[in-house]
Amino acid sequence: MARHLITSALPYINGIKHLGNMVGSMLPADVYSRYLRQRGHDVLYICATDEHGTPAELAAKEQGLPVDEFCAQAHDAQKAVYDGFALAFDYFGRSSSPQNVEITQHFARRLNENGFIEERAIRQVYSPADGRFLPDRYVEGTCPHCGYDKARGDQCENCTRVLDPTDLINPRSAISGSTDLEVRETKHLFLLQSKLQHEVEAWVARHEDDWPQLASSIARKWLNEGLHDRAITRDLDWGVPVPADTWPELAAEGKVFYVWFDAPIEYIGATKEWSDLDPENRDWKSWWYEVDDTVRYTEFMAKDNVPFHTVMFPATELGVREPWKKVDYVKAFNWLTYYGGKFSTSQKRGVFTDQALEILPADYWRYFLIANAPESDDSSFTWEHFTATVNKDLADTLGNFVNRVLSFSRKRFGDDVPTGGTPGEAETKLGEQIAELLAEYETHMESLQFRKAAAALRALWSAGNSYLEEKAPWLEIKTDKEAAALTLRTAMNLIHLYSVVSEPFIPSTAATMRQAFSLNDDTATWVTADEAHTLTAVPAGTPFTVPPVLFAKLTDEDLETYKERFGGE
C-alpha cells in the first residue's frame, strides 16, 4: 500500500480556534487519515502549533506571561481541544521546538549558499512610544486595496492581499495604539523569490490540473502577478534566531526569522520531533527526503493559507537545492461563516471549538462540519441548519435505526442475534444497493470530496431504514418468526457495517455501535464488496447489547438557548 504524508495548516498559538478553523484544515485531514488507515495505507498525519510571530507576543503580553510560558500553556490547551474532537494526529508538535530551529536555520544557510538570500537595508516603521521597530503585525491600519480598517501590516484578512506595514493608511502601533510612527532604516534578510519565479511556475504547472480549482486559481493568480522578494526576518524577541555563523551582525541585533518562513518548515520539524521520540523505529527523513516516488503528500488548508503553501514554501524548497518532498495535492477550503459573517472572538460572535465540546459530543460537530464543508464556496453555520442536520441525519436516520433494531430484537428474541430465515429477494436487493453505495462512498473519499462522501454515507444509513420499513419485522413477527429473525439479523449486520465505514466521520459513535456485538475476532478495518453483498459479519447467536441513545434530538428550546448564548442572525 502507498505511504501517505498528511499535514493540516498549523493553528496559531494565540487562542482556541473556532469551527471554521476546524473544518478548514484539521478535521478533514483527520477524516482522510482515518479512512486511509482503514484501507491499509501507511499514514503519517502531522500538525503543530504555530508559535512564532507577533500573534504570540501580543497574546502573551495581554495575559502578562513570558511568551515561552504562554506558548507552552496554549499548546496544551489547544491539544486538549483537538483530543476532544478525536483528531488522530500521529504527532502534534510545536514550531518553537529545537528540531524546527535546526532545520529552519539549515534551510536559510542553504538558500544563502545558493544565492537566494540577500541582506538589504530597508526603511521600517519605528514607534518612539514603544521604543522599538514594529514588525508587520505590530502595525495596524486601513487596507489600501479594500478599505478594511483593521488590516495588519502583513496581510489584510478581509481581501487576503499581502501587505507591507508602510502600505497601510493611517497606521498605528498594535502595542500602544500610538499613531506617532516613524520610518527608520534597518537591515533584514530577503528571500529572492523573483529569481525562483520560473521554477515555481514550472512546478505548479505540473500539479495544478490535479488540484481543486480553488487551490490552483489562487496559486496561478500569485504567479501571474509575479513573485516579489520578501523579507524573511523580523525584529522580535521570540522566533527562530538568525544563525550567528552566517549573519553575525543580524544575529547580534536579535533578528529572528519571519513566522511564515519557519512555520511551513515545521511540518518537517514536527516529523523530526515525532521521530526523535523513538529513533530506533522512526525515520523522519524517510517521509521527507528523496521520497517523491514513494510518498504521496497531501496538505489541508483554508484559502488564505493557499499562497504560502503553493508558491512561497515550494519556492523555499526549490531554492534549497536538496530533494525535500513537495506537496502533491493541496485540498483547499473556502470559509465557514457564522450567519454569513465572520467569526469573532472580541465580539463573541460564533462558536469556538472548546465551547462546542461543552455543548455536545464531538461526533455531532464532526459530522455536521464535514457534511457541510465549504469546498466549492463559502458556507454559513446557522443553529437552525445544525439542529435540522443533527435531528434528521444523526438522530433519526442513524440513531433511531440502531436503537429500534436492537431494542426490538432483544424484546422479542433475547440478547443474542436471532436465528432463522433464509435470505431472499429483499436481502439480495439490499446487498447490491449497499455495495453500490459503499463504492460511491469510497470514490468520494479517495477524491477528497467530503460533502459528497457524507451524502453517500447518509445514503447508506437511509438504505437500512428503507429495508426495515419494507420488511416490517414488527408485522412479520406476528405470522413468521423466522422471517422477522432474518430481517433483524440483516439489520444488525448493517449496524456493524455502519460502525466500520462511519468511523472516519463519527469515531466515538462508530466504536459504540461496534462494541454492541460480542464478536470474538472482530478485526475488520473495512468492508469488501462481497461482504457488503452478503452481510454476514455478525452471525446468528452472537450476544449483543443495546447501547444508550447514540444522538439526542435537539429541541426548539435548545435552539433558542444556543442562539441566545452565541448570537444568531
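Keep in mind that the numbers below use all heavy atoms, side chains included, and drop hydrogens, waters and symmetry copies.
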Asks: Closest heavy-atom contact between Pro307 and Ile218?
Replies: CG-CG2, 3.7 Å

Asks: Looking just at side-chain N and O atoms, do Asn334 and Glu375 make a donor-acceptor pair shorter than 3.5 Å?
Replies: no

Asks: Between Asn21 and Trp335, does a side chain to side chain contact (heavy atoms under 4.5 Å, CB included) hold up when you go through it step by step?
Replies: CA-CA 9 Å; Asn21 298 126; Trp335 283 323; over 6 Å; no

Asks: Are there over 12 heavy-atom neighbours, none belonging to Lys326, within less than 6.0 Å of that residue's NZ?
Replies: yes

Asks: Ring centres of Phe92 and Tyr82 under 6.0 Å apart?
Replies: yes

Asks: Calculate, to the nearest 0.5 Å, the distance between atoms CG and NE2 belonging to Asp328 and His4 respectively.
Replies: 10.0 Å

Asks: Check whether the side chains of Glu201 and Gln197 place a donor and an acceptor atom closer than 3.5 Å, and report yes or no.
Replies: yes

Asks: Is any side-chain heavy atom of Thr271 less than 4.5 Å from a side-chain heavy atom of Tyr91?
Replies: no

Asks: Might you point out which heavy atoms bring Pro504 and Val31 nearest each other, and give the distance in Å?
Replies: O-CG2, 3.4 Å

Asks: Check Arg234 with Asp136, please: is the shortest side-chain N to carboxylate O separation under 4.0 Å?
Replies: yes

Asks: Taking the ring centre of each residue, are Phe313 and Phe308 less than 6.0 Å apart?
Replies: no

Asks: Quick one: does Ser194's side chain get under 4.5 Å of Leu227's, heavy atoms only?
Replies: no

Asks: For residues Ser216 and Glu208, is any side-chain donor paired with an opposing acceptor at under 3.5 Å?
Replies: no

Asks: Search all heavy atoms of Val256 against all heavy atoms of Trp238 and return the closest pair with its distance.
Replies: CG2-O, 4.0 Å

Asks: CH2/Trp288 to CG/Leu44 distance, rounded to the nearest 0.5 angstrom?
Replies: 9.0 Å

Asks: Please step through salt bridge (Lys or Arg N to Asp or Glu O under 4.0 Å) for the pair Arg172 and Glu140, ending with a clear verdict.
Replies: CA-CA 5 Å; Arg172 60 188 177 273; Glu140 297 176 344; 3.8 Å; yes

Asks: Quiz question: by atom type and distance under 3.5 Å, do the side chains of Asp262 and His52 form a donor-acceptor pair?
Replies: yes

Asks: Can you tell if the side chain of Arg220 reaches within under 4.5 Å of the side chain of Leu223, non-hydrogen atoms only?
Replies: yes

Asks: Please tell me whether Tyr367 and Arg458 have a donor and an acceptor in their side chains that are separated by less than 3.5 angstrom.
Replies: yes

Asks: Kindly indicate whether a cation-pi arrangement holds for Arg366 with Phe505, taking the cut-offs as under 6.0 Å to the six-membered ring centre and within 45° of the axis.
Replies: no

Asks: Sub-3.5 Å donor-acceptor pair from the side chain of Asn372 to the main-chain atoms of Phe368, do we have one?
Replies: yes

Asks: Is Glu290 paired with Lys285 through a side-chain N to carboxylate O contact shorter than 4.0 Å?
Replies: no

Asks: Using side chain to side chain contact (heavy atoms under 4.5 Å, CB included), reason through Arg132 and Ile175 one step at a time and then give a plain yes or no.
Replies: CA-CA 11 Å; Arg132 61 178 293 176; Ile175 303 173; 3.9 Å; yes

Asks: In the structure I gave you, are the side-chain heavy atoms of Pro507 and Asp363 within less than 4.5 Å of one another anywhere?
Replies: yes

Asks: Checking salt bridge (Lys or Arg N to Asp or Glu O under 4.0 Å) for the pair Arg94/Asp68: CA distance, chi angles, key distance, verdict?
Replies: CA-CA 11 Å; Arg94 302 180 58 186; Asp68 57 343; over 6 Å; no

Asks: Looking at CZ of Phe261 and OG1 of Thr104, how far apart are the two atoms once the value is rounded to the nearest 0.5 Å?
Replies: 6.5 Å

Asks: Taking only Lys NZ, Arg NE, NH1 and NH2, and the carboxylate oxygens of Asp or Glu, determine whether Asp378 and Lys303 approach each other closer than 4.0 Å.
Replies: yes

Asks: Considering only heavy atoms from C-beta outward, does the side chain of Phe85 approach that of Met22 to under 4.5 Å?
Replies: yes

Asks: Taking the side chain as every heavy atom from C-beta outward, state whether Gln99 and Glu266 have any atom pair closer than 4.5 Å.
Replies: no

Asks: On a heavy-atom basis, which atom in Ala332 and which in Val306 lie closest, and how many Å separate them?
Replies: CB-CG2, 3.6 Å

Asks: Does the side chain of Gln78 come under 3.5 Å of the side chain of Thr49 through a donor N or O and an acceptor N or O?
Replies: no

Asks: Kindly determine whether Gln105 and Val240 satisfy side chain to side chain contact (heavy atoms under 4.5 Å, CB included), including the steps that lead there.
Replies: CA-CA 8 Å; Gln105 290 180 339; Val240 175; 4.0 Å; yes

Asks: Hydrogens and angles aside, do Ser95 and Asn100 bring a side-chain donor and acceptor to less than 3.5 Å of each other?
Replies: no

Asks: Centre-to-centre under 6.0 Å for Tyr289 and Trp324, is that the case here?
Replies: yes

Asks: How about His309 and Tyr267: does a side-chain donor come under 3.5 Å of a side-chain acceptor?
Replies: yes

Asks: As a quick check of understanding, evaluate ring-ring contact (aromatic ring centres under 6.0 Å, His included) for Phe133 and Tyr126, giving each step before the final call.
Replies: CA-CA 4 Å; Phe133 283 101; Tyr126 183 88; 5.2 Å; yes

Asks: With no hydrogens and no angle check, do the side chains of His106 and Glu322 hold a donor and an acceptor under 3.5 Å apart?
Replies: yes

Asks: Between the side chains of Tyr35 and Glu503, is a donor N or O closer than 3.5 angstrom to an acceptor N or O?
Replies: no

Asks: Please report the interatomic distance CG(Asp377) to CG(Leu214), rounded to the nearest 0.5 Å.
Replies: 10.0 Å

Asks: Does Lys325 qualify as a cation-pi partner of Trp287, given the criterion of NZ or CZ under 6.0 Å from the six-membered ring centre and within 45 degrees of its axis?
Replies: no

Asks: List the steps, then state whether salt bridge (Lys or Arg N to Asp or Glu O under 4.0 Å) holds for Glu113 with Arg109.
Replies: CA-CA 6 Å; Glu113 291 167 9; Arg109 291 187 188 99; over 6 Å; no

Asks: Ring centres of Tyr32 and Tyr45 under 6.0 Å apart?
Replies: no

Asks: Using only heavy-atom distances, determine whether the side chains of Thr7 and Tyr297 contain a donor-acceptor pair under 3.5 Å.
Replies: yes

Asks: Tell me whether the guanidinium CZ or amine NZ of Lys331 lies under 6.0 angstrom from the six-membered ring centre of Phe333 and within 45° of its axis.
Replies: yes

Asks: If you measure from SG on Cys143 to CZ on Arg161, what distance do you get to the nearest 0.5 Å?
Replies: 7.5 Å

Asks: Give the minimum heavy-atom separation between Ala60 and Val67, together with the two atoms involved.
Replies: CB-CA, 3.7 Å

Asks: Using the side-chain hydrogen bond (donor to acceptor under 3.5 Å, both in side chains) criterion, which residues pair with His145? Sequence neighbours excluded.
Replies: none

Asks: Kindly indicate, with the supporting measurements, whether the criterion side chain to side chain contact (heavy atoms under 4.5 Å, CB included) is fulfilled by Ser33 and Phe89.
Replies: CA-CA 9 Å; Ser33 299; Phe89 303 117; over 6 Å; no

Asks: Taking the side chain as every heavy atom from C-beta outward, state whether Gln193 and Thr316 have any atom pair closer than 4.5 Å.
Replies: no

Asks: How about Glu253: does its CD atom have over 12 heavy atoms from other parts shown lying under 6.0 Å from it?
Replies: yes

Asks: Using 0.5 Å steps for rounding, measure from the CD1 atom of Ile506 to the CD1 atom of Ile370.
Replies: 12.5 Å

Asks: Determine the minimum heavy-atom distance between Ala59 and Phe70, stating which atoms define it.
Replies: CB-CZ, 3.4 Å

Asks: What do the steps show when you test Asp235 against Lys255 for salt bridge (Lys or Arg N to Asp or Glu O under 4.0 Å), and what is the final call?
Replies: CA-CA 5 Å; Asp235 295 281; Lys255 308 283 187 185; 2.7 Å; yes

Asks: Side-chain contact test, heavy atoms from C-beta onward, threshold under 4.5 Å: evaluate it for Lys342 versus Asn158 and give yes or no.
Replies: yes

